[in-house]
Amino acid sequence: MSFPWLVARKGVLRSWHPGLCRGCLLTTQVARSRLATTTTATAAAATLQPQVKQAVSSASTPATTKMTITMTPLARLREKLQHPPVHEHTRATVKRQREYRRQLVSLYQSVRKDMAQWQQLTHEQLHALFQQLVPRRPIDTSMRLANKNAQQILLDMQLHTPHLFTRHDARLLLACYKDNRQKDDALQLLQWAKNSAIADDAMIETTLALMDDNDDDFSMAHSLWQEMACKTDRATGYMLKLYVSRGELAQAAQWWRENAKVLPVNTTHNERLVVHALDGMLRDATERLDFLEARHTYQVLCRLMQKLHRDDDAIEHPMGGIVGLANKAMVGIEAMTNGFVLLQDAMQGGHARGVKMLVHRLFQASLRDDNVRQAMDLYNAHPQLFHHDIVRSLLGKACRARYSLDAYRLYQGYAARYPAHMDIRLYTKVIKAMVRTRNLDLAKNVYHDAINNRSLTPHQPADATLAFFSAVYSICAQTGDVGLFENTIAMQQAAGFPELSHHALTSLASTFITAGQLQAAKTVFDHLAHSSSSSSMMAARTASEHQEFMEAQDGLSVDQQQEDAGGVDVVDFNILIRGLTKETQHSPEVMQERVLAVLNHMSLVGIASDSATLRTLLDIYATIDRNMADELLLRLLNDKNASRADHIWLNNLQLTRRLHDGINNSKNSKNRSRDVAARNASHVAHVFLANRRRALFLSAPRDEPIAADNITYALLLDALAPYPPCTTVHQQVYDHMRNLGWRPSLRQYTDLIRAWIRKGRVPHALAVVNDVTTDLHLPTAPPTIHATVIKALLSAGKTDRAREYAAGLTAQCADITDPQLATALKRLEKQ
């Protein structure tokens, strides 16, 4: 981007710059006349177009009627089966396959209603349909419905064409029953197979896997095992699991010794023998990719180990089976889902080594996928399992915009747990993250922690020390804390770095601007400009005045390399523009004249503007010259060098303009403005949830999503909170925020709680309270949340519900001494 373009936009600037040449205005008028001519021709063509369309439509109606063909559900089903989607392990492909299966189920349900159509399906087509619908390698019951849909095809074959229902079909149906744990259906099918003389050992073996440990099922399982002609170790293992589930370890060990074909070398110890046998069954199920059976065997093994550890700690829980299961199950796009299922089993089974192994695998996978939120949740749930180096790497990844508050909590935990491993580099990284996300109070807290812990030691590397001071200067620039800047200069000199860098002086100018000391900021800029050959064009003071001011700043000196290099950069010009804007904010015409003079000077000295310059100008013109604001917006939108942060800023700006569009803040139209604001908030939220950036910018690509950050969600949630009709969409934006890994602030939680209670939906408000405890990993919600619930219930006239809620605070171990919560409880007592 370059700003001769902005200076050349004289046709737009003419309203506030009377000295512009008439040639540009003439050019603009010629362009407008051409546009008007084109618009007239387009309108004439649009007038003729309906007549042409009507003539073409009337001429082509008979031909269209003859070509209309309606495909039957049977034909559409056959066509779908001929063109299945490609099996690839990507999320997009999985969605297409899910939609493909949904269409197959819908078409098959239509076909099976007409027996004549169903009978036209061949045996091969029915098998192909079954293979497309049956879940592949399920690990939990989430695919139960898909399994039922696949079962329906085989059941129809058994019912309508029993003479074509083969032993292979019966095995497939029994496998479906096994995955869904449908024991009664499996027994009925086995009996039907016996009557049809197609039953075999494989079918009996599959049915054995469904038996429970009660007396009736145990005796039935024993009878089925006796019926098998060739008794496999797998079937013997199913009987072993029943013995173990019944608590009969001695009988289980004896059973395995007498019937198993493969025995370990040492078979004298009953408990070790049973544990070895179960671990072998777990490995066998894993090799067959039967994850449901593998999980069931692992659960039985964990329960056995819990019992054995109460009696004898010498027997170790084998790791080979669960490690192999994790290796096979945690593959592809289902890796994280399957891993969390196994982690839940290990936690419920009390398998500490299994939990540690799975937590570390999930943690590393989360970091590889750049899913920092998930990695942080794993750490918060199991902090004792992580080495400090791993936690430090997580903290480094968490120092981003969307995880800033979590990063600060993680920093506090790390500093408390590993104080000896805190160094100046880590403090600097956290400070930069807090400054970048405008959490300036937290940034100051980290700065004070670094000073109190005496992290600035002489043995620290010079680059690390200077980076720390640079981060502190950024705090000063954002807060306008001149005193902190002076203290930092003193510390920098004491550390052996008496010279100020260019960044430090730029931060000093910004500090003065933020603090309202505009003359001092101009003096700092003049000091920077005096080292440039062209600085005389921008100097607002004489050299003597400039020197007097710089000498008046105690201990302030400048890096000699900077003096030799000389010159100001685009950041300095941006700060100068911001200072001029603040100084002349009550005189828009003077402001724009001075800004234009700065832009002219930038072009003369060869300094190109950047996106920050455009942002500053856009803020200036947004309320003064909407045409210029639109031009700047389009310029930024089409910038090829714009970063993702730039595009997010543009989205936030456009959302803000939409929220305030048409609102009149005068007293006479207060109620109307409130209605407009509510309507705007609801509309903008729906546009955001639709995730089509073209709805914000017509020039955006068709399928480009709307990039967002925590500021985007804060903007929307704040706009929706005051209006009861917007509560539903308020909840949708809140859910969207949490689903994408962003964590709401306490104020955003409390706003939604008040909104639901105001509408009388107390259960919805309590669900938000549960979200707080889940998101913050706390046993109970913070006192602020409890106080908000009680006050909102009282304001809504629900005193009984407020008393009921307050009565449960003691059981939740809430801090009733907190001032806000204590005030709410006192207000409740007065009711």
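All of these numbers come straight from a predicted model, not from anything done at the bench. Only this structure's heavy atoms are used, side chains among them; waters, hydrogens and symmetry mates stay out.
Judged purely by atom type and a 3.5 angstrom limit, T780 has no side-chain atom pairing as donor or acceptor with the backbone of A814. Of the possible donor and acceptor atoms, one in the side chain of Q748 sits under 3.5 Å from a partner among the backbone N and O of S745. When atom types are taken as modelled, the side chain of N691 and the backbone of I706 share a donor-acceptor pair closer than 3.5 angstrom. For the pair N651 (side chain) and A707 (backbone), a donor-acceptor distance under 3.5 Å is present. Formation of a donor-acceptor pair under 3.5 Å by the H360 side chain with backbone atoms of L385 is found in this model. Using a distance-only test at 3.5 Å, with no hydrogens or angles considered, no donor-acceptor pair links the side chain of N439 to the main chain of L442. Between the side chain of Q492 and the backbone N or O of E499 there is at least one donor-acceptor pair closer than 3.5 Å. Between the side chain of Q654 and the backbone N or O of L696, at least one donor-acceptor pair lies under 3.5 Å. For S682 (side chain) and R679 (main-chain N/O), no donor-acceptor pair under 3.5 Å exists by modelled atom type. When atom types are taken as modelled, the side chain of R436 and the backbone of C399 share a donor-acceptor pair closer than 3.5 angstrom.
H421 and Y418 have perpendicular rings, their planes meeting at more than 60° on a 0 to 90° scale where under 30° would count as parallel. Aromatic ring orientation, W756 versus H764: tilted (interplanar angle from 30° to 60°). Aromatic ring pairs are classed by plane angle as parallel below 30°, tilted from 30° to 60° and perpendicular above 60°; the pair Y447 and F468 is parallel.
Residue Y473 forms a side-chain contact (heavy atoms from CB on, under 4.5 Å) with just one option from L484, T511, I489, and that option is I489.
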Assess the residue pair D771 and T774 against the criterion (side chain to side chain donor-acceptor pair (under 3.5 Å)); give the C-alpha distance rounded to whole Å, side-chain angles, the decisive distance to 0.1 Å, and a yes or no. CA-CA 5 Å; D771 292 342; T774 302; 5.4 Å; no
List the steps, then state whether side-chain contact (heavy atoms from CB on, under 4.5 Å) holds for N453 with M422. CA-CA 9 Å; N453 294 336; M422 295 295 297; 5.6 Å; no
Worked check of side-chain contact (heavy atoms from CB on, under 4.5 Å) between T712 and L655: CA-CA 8 Å; T712 312; L655 290 172; 3.8 Å; yes
Take R693 and L650 through the side-chain contact (heavy atoms from CB on, under 4.5 Å) test and state the conclusion after the steps. CA-CA 11 Å; R693 200 183 190 205; L650 281 175; 4.1 Å; yes
May I have the step-by-step check of side-chain contact (heavy atoms from CB on, under 4.5 Å) for H736 and W742, ending in yes or no? CA-CA 9 Å; H736 192 276; W742 296 94; over 6 Å; no
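Within 6.0 Å of CD1 on I451 lie more than 12 heavy atoms contributed by other residues, nucleotides or ligands.
For the pair H730 and Y723, the minimum side-chain heavy-atom distance is 4.5 Å or more. Contact check for Q374 versus D369: no side-chain heavy atoms found under the 4.5 Å cut-off. A 4.5 Å side-chain heavy-atom check between R743 and Y749 finds at least one atom pair inside the cut-off. Contact check for L752 versus L717: no side-chain heavy atoms found under the 4.5 Å cut-off. Put simply, the side chain of P724 reaches to within 4.5 Å of the side chain of R758, judged on heavy atoms. Counting only heavy atoms from C-beta outward, the side chains of F386 and R417 never approach each other to under 4.5 Å. Side-chain contact between R827 and S795 is present, with at least one heavy-atom pair separated by less than 4.5 Å. Between V472 and M491 the shortest side-chain heavy-atom distance does not fall below 4.5 Å.
Between A695 and R658, the shortest heavy-atom contact is O-NH2, 2.7 Å. Contact between K432 and A467 at its shortest, heavy atoms only, is CE-O, 4.4 Å. S474 and S507 get closest at one heavy-atom pair: N-OG, 4.5 Å. When every heavy atom of A681 is checked against every heavy atom of L659, the shortest pair comes out as CA-CD2, 3.6 Å. Scanning both residues, L378 and V359, for their nearest heavy atoms gives CD1-O, 4.3 Å. A pairwise comparison of heavy atoms in P744 and M737 identifies CA-CE, 3.7 Å as the closest pair.
Atoms OH and CG, from Y414 and L426 in turn, are 6.0 Å apart once rounded to the nearest 0.5 Å. Between atom CG of residue L394 and atom OH of residue Y379 there is a gap of 8.0 Å, rounded to the nearest 0.5 Å. The NE2 atom of H382 sits 7.5 Å away from the CD atom of Q384 when rounded to the nearest 0.5 Å. A distance of 12.0 Å separates CG in D775 from CG in L405, rounded to the nearest 0.5 Å. Here the straight-line distance linking atom CG of N680 with atom NE2 of H683 works out to 8.0 Å at 0.5 Å rounding. In this structure, S393 OG and F363 CZ are separated by 5.5 Å, a value rounded to the nearest 0.5 Å.
Remark: the Y805 side chain and the H786 side chain contain an N/O donor-acceptor pair separated by less than 3.5 Å. Between N770 and T773, the side chains place no donor N or O within less than 3.5 Å of an acceptor N or O (distance only, hydrogens not considered).
In this structure, D423 does not pair ionically with K429, as no charged nitrogen and carboxylate oxygen lie closer than 4.0 Å. Remark: D751 engages R754 in a salt bridge, criterion side-chain N to carboxylate O under 4.0 Å. Using a cutoff of 4.0 Å between basic side-chain nitrogens and carboxylate oxygens, D406 and R409 are scored as salt-bridged.
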